[in-house]
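To find a chain, count down the sequence lines: A is the first, B the second, and so on, and within it residues start at 1.
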Amino acid sequence: KAGVTQTPRYLIKTRGQQVTLSCSPISGHRSVSWYQQTPGQGLQFLFEYFSETQRNKGNFPGRFSGRQFSNSRSEMNVSTLELGDSALYLCASSLVGARETQYFGPGTRLLVL
Amino acid sequence: AQKVTQAQTEISVVEKEDVTLDCVYETRDTTYYLFWYKQPPSGELVFLIRRNSFDEQNEISGRYSWNFQKSTSSFNFTITASQVVDSAVYFCALSERDFTQGGSEKLVFGKGTKLTVNP
């Protein structure tokens, strides 16, 4: 089975721009979660989608949003980028949710200048 | 309050030494799940083990072993005869219900322990 894929792998943006990141889960997995990883804050949960519905969200501003499509692929969007949004964004998929093992993609490294 | 505490920020050992990574968690849930992940320099999180709160048996997988003690809320990870390839950041994580979100579950990670194994 193919693993979780994320595109793009690297991204450079400037403040004020917006960005969309994509995640394709493992085939058959219906839950997709997004995490932000920074040196200062570590791994922080952004949100989880299951069957096209956001089921849980972390403590992030409304500039961070996401969606899930009928094929379980997910996108996350960050609008009005700030310097502090520079991070590694990780996507993880699992069969039904956080109690099952989550398998992570390689991440998208975002640099905001 | 921090849900998952990995008190060791960095550990450095010499190859073939045994090393134990500590993890202490906090939860009100009676049913929860614990995980360990490894993050090599490439950045991708690699799953190592999943354990539910009702299974306190220790587990051994090759050079890796895990000690789960519910009484002390700890889930420690030991690497026996460490190798240079074990160098990575190791994360302990807890899956619990988030009652502020209608009981849906989420994974909470510790800050990680950076392990360096020197030749």
| field | Within 6.0 angstrom of B:Lys16 NZ, more than 12 heavy atoms from elsewhere | value | no
| A:Tyr49 and A:Leu43: same hydrophobic cluster, using ILVMFWY side-chain contacts below 4.5 Å? | no
| task | Please answer: with hydrophobic residues joined when any side-chain heavy atoms are less than 4.5 Å apart, are B:Trp36 and B:Val19 in the same cluster? | result | yes
| message | Would you say that more than 12 heavy atoms from the other residues, nucleotides or ligands in this model lie under 6.0 Å from the CG of A:Asn59, or not? | response | no
| Who wins among A:Gln6, A:Glu48, A:Gln37 for the most heavy-atom pairs under 4.5 Å with chain B? | A:Gln37
| message | Using every non-hydrogen atom in the two residues, find where A:Phe45 and B:Leu107 come nearest and quote the distance to one decimal. | response | CB-O, 4.2 Å
| Residue pairs involving residues 99-113 of chain A (criterion side-chain hydrogen bond (donor to acceptor under 3.5 Å, both in side chains); sequence neighbours excluded) | A:Tyr35-A:Gln102, A:Arg99-B:Asp29, A:Arg99-B:Glu105
| field | Residues from residues 81-89 of chain B approaching chain A under 4.5 Å (heavy atoms) | value | none
| said: Side-chain heavy atoms nearer than 4.5 Å, only ILVMFWY residues, links allowed to pass through others: does that put A:Val4 and A:Tyr89 together? | reply: no
| said: Taking atom CZ as the centre, does A:Arg9 end up with more than 12 heavy-atom neighbours from other residues, nucleotides or ligands that are less than 6.0 angstrom away? | reply: yes
| said: I'd like to know if the side chain of B:Lys106 and the backbone of A:Gly97 have a donor-acceptor N/O pair within less than 3.5 Å. | reply: no
| query | For chain A, which residues from residues 47-66 of chain B have at least one heavy atom closer than 4.5 Å to it? | reply | B:Phe47, B:Arg50
| Pair listing, ring pair (Phe, Tyr, Trp, His ring centres under 6.0 Å) test, anchored in residues 56-87 of chain A, at least two apart | A:Phe60-A:Phe64
| Are there more than 12 heavy atoms of other residues, nucleotides or ligands under 6.0 Å from atom NZ of A:Lys13? | yes
| Validation row: A:Leu88, B:Gln39 side chains within 4.5 angstrom (heavy atoms) | yes
| message | Membership question, hydrophobic clusters at under 4.5 Å side-chain separation (ILVMFWY): are A:Trp34 and A:Leu81 in the same one? | response | yes
| said: Could you see if A:Leu90 belongs to whatever hydrophobic cluster contains A:Met76? Use Ile, Leu, Val, Met, Phe, Trp, Tyr and a side-chain cutoff under 4.5 Å. | reply: no
| task | Determine the option with the most heavy-atom pairs under 4.5 angstrom with chain B, choosing from A:Gly105, A:Gly107, A:Gly58. | result | A:Gly105
